Amino acid sequence: WAKPWEFQALLKARPVAGDVTLGRQFLDLAAPFVYPERLSQHVVREIRSTKARIERERLGPREDPKTQLKVGLGGMVDVEFTTQLMQLVHGGHEQHIRVASTSGAIIAAAELRVISVEHARWLVEAYRFLAKIRNRLYLMKGKPIDALPKDADELEMLARCLGYPGPGARVGFIEDYRRITRRCRQVCEDVFYGRKEA
């Protein structure tokens, strides 16, 4: 027995040290629980509810959901939960989608026609773009940052660090950010919340 979020966490499980055979045995033992033949609607509702709760509870009262990289609209949580739900729904009968890598799982979902190629491209683009932003912010600030800077000068510096030409680098960056996160959120609405695929 386990909660759905615990099975979601097991999607990322992979041996990294120690006895390789033991690691593989654990993954084989966990697989029927992580990837059931059929995922119940109750579990799907619980996963959707968990995501909604994360968005509600982890978004600060003064944070703008449009500029929050992790739990904001079109953020990392949208990519991760959408990908994980596809894996849980289809992993029971499609071994190819059982990969620990988020990008790899998205690509596998497209190859299996669980998600359209366009939607897969948008999710992968958002995942890589947001990860790159978070990494640059960490280098700039020396600590994990999950929101875009509000200060125009800091935003300009971030855009320059990401390779946007200046002056006015932040304008092109913000245009790309809005387009990429808007598309990501659209895929989340369509696939995760069940309006179109998966």
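All figures in this text were calculated on a predicted structure; none of them were measured in a lab.
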Any donor-acceptor pair under 3.5 Å from Q8 side chain to F81 backbone: no
Intermediate values then yes/no, side-chain contact (heavy atoms from CB on, under 4.5 Å), Y127 and T83: CA-CA 11 Å; Y127 189 71; T83 305; over 6 Å; no
Donor-acceptor pair, side chain of Q87 and main chain of V99, under 3.5 angstrom: yes
Validation row: Q68, D146 side chains within 4.5 angstrom (heavy atoms): yes
side-chain contact (heavy atoms from CB on, under 4.5 Å) evaluation trace for M86 with I115: CA-CA 9 Å; M86 289 188 296; I115 186 173; 3.9 Å; yes
Heavy-atom donor-acceptor pair, E6 side chain to K3 backbone, under 3.5 Å: yes
Neighbour count above 12 (heavy atom, 6.0 Å) for R24 CZ: no
Euclidean distance, L39 CG relative to L88 CG, rounded to 0.5 Å: 6.0 Å
Side-chain heavy-atom pair T181, L130 within 4.5 angstrom cut-off: yes
Non-hydrogen atoms of E55 and V71 that approach each other most closely: CG-O, 3.8 Å
Aromatic plane relationship, H119 with W122 - under 30° parallel, 30 to 60° tilted, over 60° perpendicular: tilted
CA sep, side-chain torsions, deciding dist, call: F7, V43, side-chain contact (heavy atoms from CB on, under 4.5 Å): CA-CA 11 Å; F7 292 126; V43 171; over 6 Å; no
hydrophobic_cluster_shared for V77 and Y193, side chain cutoff 4.5 Å: yes
Candidate pair L148 and D64, rule side-chain contact (heavy atoms from CB on, under 4.5 Å), full reasoning: CA-CA 9 Å; L148 294 181; D64 182 351; over 6 Å; no
Contact summary for V79 and A126, nearest pair of heavy atoms: CG2-CB, 4.2 Å
Flag, side chain of S49 to backbone of R45, donor-acceptor distance under 3.5 Å: no
side-chain contact (heavy atoms from CB on, under 4.5 Å) partners for L22, two or more places apart: D19, Q25
Any I47 side-chain heavy atom under 4.5 Å of F192 side chain: yes
Distance-only donor-acceptor check, side chains K12 and T102, under 3.5 Å: yes
Approximate separation, where rounding is to 0.5 Å, of L73 CG and Q186 CD: 13.0 Å
Close side-chain approach of F33 and L10, heavy atoms under 4.5 Å: no
Polar contact flag, side-chain donor to acceptor under 3.5 angstrom, H96-E111: yes
C188 to K51 - nearest heavy-atom pair and separation: SG-CE, 3.7 Å
Sub-4.5 Å side-chain heavy-atom contact between L139 and C161: no
Candidate pair R179 and E125, rule salt bridge (Lys or Arg N to Asp or Glu O under 4.0 Å), full reasoning: CA-CA 11 Å; R179 176 180 47 80; E125 179 184 32; 3.6 Å; yes
NZ/NE/NH1/NH2 to OD/OE distance under 4.0 Å, E80 and K70: no
Pairwise distance NZ(K150) to CG(L155) - rounded to 0.5 angstrom: 12.5 Å
Backbone of R170 reached by a side-chain donor or acceptor of E156 within 3.5 Å: yes
Aromatic plane relationship, F129 with Y177 - under 30° parallel, 30 to 60° tilted, over 60° perpendicular: tilted
ILVMFWY cluster, Y164 and M140 together (side-chain gap under 4.5 Å): yes
Spacing of CZ belonging to R53 relative to CZ belonging to R58, to within rounding of 0.5 Å: 9.0 Å
Interatomic distance, K66 atom NZ to I174 atom CD1 [nearest 0.5 angstrom]: 12.0 Å
Closest non-hydrogen atom pair between D78 and C184, with its separation: CB-SG, 4.1 Å
Flag side-chain contact, heavy atom, 4.5 Å: F173 against I133: yes
Taking every non-hydrogen atom, the tightest pair across H93 and V89: NE2-O, 3.8 Å
side-chain contact (heavy atoms from CB on, under 4.5 Å) involving I145 - partner list, sequence neighbours excluded: L137, K141, K143
Inter-residue atom distance L123.CG - I180.CD1, 0.5 Å rounding: 12.0 Å
Nearest heavy-atom neighbours spanning R98 and A31: NH1-CB, 3.9 Å
Under 3.5 Å: donor-acceptor pair, side chain of E94, backbone of I97: no
ILVMFWY network linking I54 to W5, side-chain heavy atoms under 4.5 angstrom: no
